[in-house]
Protein chains: 2
Amino acid sequence: MMTIGRLATAAGVKVPTIRYYEQIGLLGAAERSAGNQRLYGRDAADRLAFIRHARELGFPLEAIRDLLSLSDRPDQPCDAADAIARAQLADVTRRLARLGALKVELERMIEQCSGGRIADCRVIEVIGDHALCETDHRKASGARAIV
Amino acid sequence: MMTIGRLATAAGVKVPTIRYYEQIGLLGAAERSAGNQRLYGRDAADRLAFIRHARELGFPLEAIRDLLSLSDRPDQPCDAADAIARAQLADVTRRLARLGALKVELERMIEQCSGGRIADCRVIEVIGDHALCETDHRKASGARAIV
DNA sequence: GCTAATGCCTACAGCAACTATAGCTACAAG
DNA sequence: CTTGTAGCTATAGTTGCTGTAGGCATTAGC
């Protein structure tokens with residue numbers, strides 16, 4: 001049995017993150033020591049590693065919740081897990097395309113800036129006048145979780 | 001002079017977003033009609049268009065705040081604006097690399113999943129055991145604004 | 001055995017950048 | 001003159017944590 005700090009170190013997450021995962025029900029309530037401190041065993045460590053890796057792959061917590069409950073039913077067909085992963089891939093692909101376009105436009109902007117005064121600054125100018133930019137990124141303005 | 005709704009439509013943002021920008025000081029307080037409704041002129045529309053385009057390029061609001069104050073001083077050298085844009089480009093480039101790696105791993109995972117039962121599901125398995133994945137994405141776990 | 005330094009506890013506030021809700025007033029069209 | 005849309009304020013919610021305050025628990029060194 002390990003304390004929350006050791007578990008955090010082992011899994012590579014921060015202590016409050018573990019408590020947060022418990023709070024939102026991703027991790028079940030831990031056992032407690034006589035002094036009311038959380039104690040974790042192998043199971044919890046595995047589960048946390050799963051969560052951490054899924055987060056690294058960019059899965060949102062809700063998707064991870066689903067993946068975890070799927071992994072608790074090993075006899076079920078894995079279509080659902082597959083679908084979640086495919087949705088995530090689609091999301092990543094969309095973001096990649098978008099970011100690629102942003103990169104091109106930022107590069108173009110910066111390249112054209114000759115380093116004079118603000119009045120002639122291509123950066124400011126392009127941002128101020130959308131007509132000066134070719135890229136059509138007028139969609140998906142909502143902020144999303146990245147990575 | 002236009003109402004907030006027309007400005008929102010013209011700029012392609014939502015009405016509450018404009019009020020939010022005013023609240024955080026990105027847009028100054030608008031003139032008001034006799035009935036206390038906000039009224040906007042050409043200036044505000046330009047400024048909002050600038051903000052919107054900068055957001056589309058992924059600049060965080062703090063950077064936009066700086067860019068706006070720079071654009072108010074056209075005689076200054078444009079190094080600062082340039083630096084902000086370069087920082088943004090660097091950020092986008094980093095995110096692109098990361099997302100690219102994620103995409104590869106997700107594809108690998110999905111491809112190997114044969115569609116059987118959860119117990120054999122490659123998706124669940126790879127997420128559960130980091131050793132099964134080659135990609136080293138064990139950094140930058142913090143969520144960031146995307147796009 | 002004692003004390004100091006960690007480590008853990010709870011509860012709450014804050015981050016970005018909005019978005020949504022509730023309950024009200026203003027204004028334009030018929 | 002009514003009705004419907006648009007606007008107003010204030011507040012809470014979103015995602016995934018992170019940071020703070022104030023107070024116990026545990027452990028390492030003496």
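Side chains are part of it too, since the values below use all heavy atoms of this structure and drop only hydrogens, waters and symmetry mates. The chains referred to below are lettered A, B, ... by the order of the sequence lines, with proteins before strands, and numbering in each begins at 1.
- Rounded to a whole Å, the CG atom of A:Asn36 is 11 Å from the P atom of C:dA11.
- Proximity note for B:Tyr21 (side chain, C-beta onward) versus C:dC18, D:dC8, D:dT18: the nearest is C:dC18.
- Distance, A:Met2 CE to D:dT26 C1': 17 Å, rounded to whole Å.
- Residue B:Thr17 has no polar side-chain atom (N or O) positioned under 4.0 Å from OP1 or OP2 of C:dC18.
- For the pair B:Arg32 and C:dA26, the criterion of a side-chain N or O lying under 4.0 Å from OP1 or OP2 is not met.
- Rounded to whole angstrom, the span from the CZ atom of B:Phe59 across to the C1' atom of C:dA17 amounts to 17 Å.
- Contact annotation: A:Arg55 side-chain N/O to D:dC17 OP1/OP2 distance is under 4.0 Å.
- For the side-chain contact (heavy atoms from CB on, under 4.5 Å) test with A:Leu48, the passing option among A:Asp43, A:Leu26, A:Thr17, A:Leu7 is A:Leu7; the others fail.
- Atom CD1 of A:Ile18 and atom P of C:dG7 are 14 Å apart (whole Å).
- The CD1-P distance, from A:Ile4 to C:dT10, rounds to 9 Å in whole Å.
- In terms of phosphate contacts, A:Arg38 brings a side-chain nitrogen or oxygen within less than 4.0 Å of OP1 or OP2 of C:dC9.
- Along DNA chain D, the nucleotide nearest to B:Arg6 and the one nearest to A:Glu62 differ in position, and the one closer to the 5' end is contacted by B:Arg6.
- Per the geometry, CD belonging to B:Glu22 stands 14 Å off C1' belonging to D:dA10, to the nearest Å.
- Ion pair A:Arg122/B:Asp82 not flagged as a salt bridge, since none of the NZ, NE, NH1 or NH2 atoms sits closer than 4.0 Å to an Asp/Glu carboxylate oxygen.
- One can place CE of A:Met1 at 19 Å from P of D:dA25, the figure rounded to the nearest angstrom.
- Comparing C:dA17, D:dG16, C:dT19 against the side chain of B:Leu61 picks out C:dA17 as the nearest.
- When the side-chain nitrogen and oxygen atoms of B:Ser33 are compared with OP1 and OP2 of C:dA26, none of them lie within a distance under 4.0 Å.
- Residues B:Pro60 and B:Gln88 meet the side-chain proximity criterion, which asks for heavy atoms closer than 4.5 Å.
- For the OP1/OP2 pair of C:dC9 and a distance below 4.0 Å, the side-chain nitrogens and oxygens of A:Arg19 include at least one atom meeting the criterion.
- Summarising the geometry, the separation between CG on A:Leu48 and C1' on D:dG16 is reported as 14 Å, rounded to the nearest angstrom.
- A salt bridge is defined here as a Lys NZ or Arg NE, NH1 or NH2 lying under 4.0 Å from an Asp or Glu carboxylate O, and A:Asp72 with A:Arg47 meets this definition.
- Proximity note for A:Gln37 (side chain, C-beta onward) versus C:dC8, C:dT10, D:dT18: the nearest is C:dC8.
- Salt-bridge check for A:Arg95 with A:Asp91: passed, with a basic side-chain N closer than 4.0 Å to an acidic carboxylate O.
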